[in-house]
2 protein chains.
Amino acid sequence: MLNSETIQAQGLGRLPKSTFRAHIAEQLRAAILSGEIAPGAQIVETALAGLFQVSRGPLREALRQLVEEGLLITVPYTGTHVITLSVDDVREIHSMRVTLECMAFEQAWDKRDAAFRAELQRRHAALIATIDEGDDRAAILAELELHGLVYEASGHRLLQRTWSSLRGRLQLYWAAHHRAHAIRGPRRDGHESYVAAALGDSLEAMRAEITSHMQRGGQQTEKFLQDHRQDTRSMTGMKRGKTT
Amino acid sequence: MLNSETIQAQGLGRLPKSTFRAHIAEQLRAAILSGEIAPGAQIVETALAGLFQVSRGPLREALRQLVEEGLLITVPYTGTHVITLSVDDVREIHSMRVTLECMAFEQAWDKRDAAFRAELQRRHAALIATIDEGDDRAAILAELELHGLVYEASGHRLLQRTWSSLRGRLQLYWAAHHRAHAIRGPRRDGHESYVAAALGDSLEAMRAEITSHMQRGGQQTEKFLQDHRQDTRSMTGMKRGKTT
DNA sequence: TGCGCCCACATTGTTGACAATCGACAATGA
DNA sequence: TCATTGTCGATTGTCAACAATGTGGGCGCA
């Protein structure tokens with residue numbers, strides 16, 4: 001006999017309640033965050049609707065969602081564009097990261113059990129592996145996974161939600177930065193000390209590690225700017241680079 | 001000569017670029033945050049579309065926006081409801097407030113000029129005035145204004161954005177809590193020490209003040225729960241309380 | 001040549017109708 | 001009596017057509 005429980009037990013019953021707007025939002029977000037659709041590119045509703053084979057209705061709702069996530073900007077009757085992060089935006093992302101991740105560790109500090117430690121090292125190993133393979137895109141995702149663990153461990157849903165939003169911008173920046181200027185992705189160094197501190201006994205040391213870890217990322221940005229001396233308003237932007 | 005900048009400087013140029021979804025989202029948000037539409041109430045698209053005299057298209061886009069803001073929850077093909085905050089949600093709101101406001105003061109600490117001090121005292125006075133008048137709803141807004149100043153002063157747009165999101169939930173909680181249980185709004189005490197610390201010289205003292213300030217709010221919640229001993233899953237929810 | 005006006009085009013905003021799905025209730029049969 | 005199934009109303013999802021608006025190019029004119 002097949003009742004709902006036995007079906008669940010067989011791992012079935014997970015048809016993902018398809019609505020077009022959810023699928024579209026998901027795919028569009030992925031395309032934007034990976035850099036497939038470049039920052040500054042214009043989003044034309046009719047074109048995308050044709051691409052996804054849907055009408056403009058569901059598409060527009062997906063766009064509203066991404067606008068609210070901060071990935072798109074819409075000017076009424078004019079157009080929708082992928083955001084371009086300014087240098088100040090990137091600085092703000094870094095400072096916000098420090099604050100959020102410190103909070104996450106505070107919340108999660110006493111909840112670090114064996115499973116947490118194992119998972120932390122597993123993700124660290126995964127990051128190292130992708131770095132060694134030279135797959136920059138995968139390495140970016142792996143690093144986000146590594147840092148995401150503490151948010152999951154915190155059990156703080158609002159904090160996780162906030163991190164998700166920030167993670168989007170961070171991912172966008174990393175992808176655009178890397179893509180536009182062919183800078184190497186995450187490196188091996190820097191993560192060992194992070195993991196060690198996360199497994200250690202001193203929350204204060206962890207805070208210091210986070211601060212220096214993020215500052216390293218910030219300094220990399222500053223150094224890059226000094227080397228290139230371009231407009232400080234839009235470092236990842238480009239005009240009309242829409243990909244089909 | 002009047003160019004766009006001088007117009008902006010005059011505070012004009014704010015013709016509301018009328019798109020229905022913006023108006024609808026604004027009004028709906030206000031209705032939800034004020035408690036006019038109770039937590040848990042179902043949002044029926046056709047009804048609201050009739051109420052606003054628009055078709056369902058723009059209305060749905062406004063709903064998507066509020067869903068993304070975390071004020072509404074939509075289950076496909078089933079319905080859209082105003083969120084109900086659980087006790088854990090409220091705890092998370094409070095802890096997030098502490099973190100964000102500490103960060104805001106860190107960012108704004110060295111930017112506190114005469115204008116900041118004057119504005120802080122002005123908003124404090126406004127809060128006191130509304131409290132003395134007994135207008136609870138105005139007092140809630142005044143308290144949010146007071147606390148919002150430091151976020152404005154921080155100049156950190158991402159932080160402001162995060163605060164806006166949190167402020168929505170906080171406002172929803174305050175309004176629903178107050179409305180459902182006829183609890184007094186903000187009180188005079190507690191804000192003097194906050195303002196004093198914000199004008200003082202010790203950032204560390206400010207952090208302590210914020211922590212205790214928020215903990216007071218949290219303790220009020222806990223005490224209320226002990227007194228009422230109701231379901232801990234939904235403290236502000238009610239069934240089918242849609243207002244027309 | 002430079003400027004301003006006007007118009008056509010591209011794009012977004014809005015609408016009403018139609019289709020798909022869900023939840024609840026009644027009907028059916030063991 | 002109980003479980004299962006069919007049906008119905010309510011609600012949301014989707015679509016294609018129409019209207020409103022901003023943008024850029026061409027034209028006339030000084």
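Note on naming: letters A, B, ... go to the chains in the order of the sequence lines (proteins, then strands), and numbering restarts at 1 for each one.
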Peer 1: Whether the side chain of A:H94 engages the backbone of A:V90 through a donor-acceptor N/O pair (distance < 3.5 Å, no angle test) should be reported.
Peer 2: yes

Peer 1: Atom CZ of B:R56 and atom C1' of C:dA19: how far apart are they, to the nearest Å?
Peer 2: 11 Å

Peer 1: To the nearest Å, how far apart are B:L63 CG and D:dT11 P?
Peer 2: 14 Å

Peer 1: What nucleotide, of D:dC15, D:dG13, C:dT14, holds the atom closest to the side chain of B:T19?
Peer 2: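 For the B:T19 side chain, the nearest candidate turns out to be C:dT14.
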
Peer 1: Rounding to a whole Å, what distance do you find between A:R21:CZ and D:dT12:P?
Peer 2: 11 Å

Peer 1: Please classify the nucleic acid contact of B:G57 as base, sugar-phosphate, or nothing, using heavy-atom distances under 4.0 Å.
Peer 2: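 Since a base atom lies under 4.0 Å of B:G57, the category is base.
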
Peer 1: Within this structure, what is the CG-to-C1' distance between B:L59 and D:dT12, rounded to whole angstrom?
Peer 2: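 About 12 Å, once rounded to whole Å.
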
Peer 1: Can you tell me which nucleotide in C:dG13, D:dG13, C:dT14 comes closest to the side chain of B:P58?
Peer 2: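 Selected nucleotide: C:dT14.
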
Peer 1: On the nucleotide D:dT12, are OP1 or OP2 found under 4.0 Å from the side-chain N or O atoms that B:R64 carries?
Peer 2: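 For D:dT12, OP1/OP2 do not have a side-chain N/O of B:R64 under 4.0 Å.
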
Peer 1: How close do A:A104 and A:L159 get, heavy atom to heavy atom, and via which atoms?
Peer 2: CA-CD2, 3.5 Å

Peer 1: Can you see if the side chain of B:R60 gets near the phosphate of D:dG13 - specifically, an N or O under 4.0 Å from OP1 or OP2?
Peer 2: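 For D:dG13, OP1 or OP2 has a side-chain N or O of B:R60 closer than 4.0 Å.
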
Peer 1: What nucleotide, of D:dG13, C:dT15, C:dG13, holds the atom closest to the side chain of A:P76?
Peer 2: C:dG13

Peer 1: Nearest to the side chain of B:V54, which nucleotide is it out of C:dT15, D:dG13, D:dG22?
Peer 2: C:dT15

Peer 1: Where the side chain of A:V44 is defined as all heavy atoms beyond and including C-beta, which of C:dG13, D:dG13, C:dT11 is the nearest nucleotide?
Peer 2: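 Nearest listed nucleotide: C:dT11.
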
Peer 1: Side chain of A:Y77 only, heavy atoms from C-beta on: which candidate in C:dT11, D:dT14, D:dA20 is closest?
Peer 2: D:dA20

Peer 1: Could you check how far CZ of A:F20 sits from P of D:dA16, rounded to whole Å?
Peer 2: 11 Å

Peer 1: Run A:E119 and A:R123 through salt bridge (Lys or Arg N to Asp or Glu O under 4.0 Å) and show every step you take.
Peer 2: CA-CA 6 Å; A:E119 181 65 15; A:R123 297 192 185 186; 2.7 Å; yes

Peer 1: Expressed in angstrom and rounded to an integer, what is the separation of A:E45 atom CD from D:dT14 atom C1'?
Peer 2: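 After rounding, the gap between these two atoms is 15 Å.
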
Peer 1: Expressed as a whole number of angstroms, how long is the span from A:L72:CG to C:dT12:C1'?
Peer 2: 15 Å

Peer 1: If every non-hydrogen atom of B:T162 is compared with every non-hydrogen atom of B:L158, which pair is closest and at what distance?
Peer 2: OG1-O, 2.8 Å

Peer 1: To the nearest angstrom, how far is A:E61 atom CD from C:dG13 atom P?
Peer 2: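 So the CD-P distance, A:E61 to C:dG13, works out to 13 Å.
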
Peer 1: With under 30° as parallel and over 60° as perpendicular, where do the rings of A:W163 and A:Y151 fit, or are they tilted in between?
Peer 2: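 Taking A:Y151 first and then A:W163, their aromatic rings lie parallel (interplane angle under 30°).
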
Peer 1: Would you indicate what B:V75 reaches in the nucleic acid, counting non-hydrogen atoms under 4.0 angstrom: base, sugar-phosphate, or nothing?
Peer 2: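 Answer is nothing: B:V75 stays at 4.0 Å or more from every strand.
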
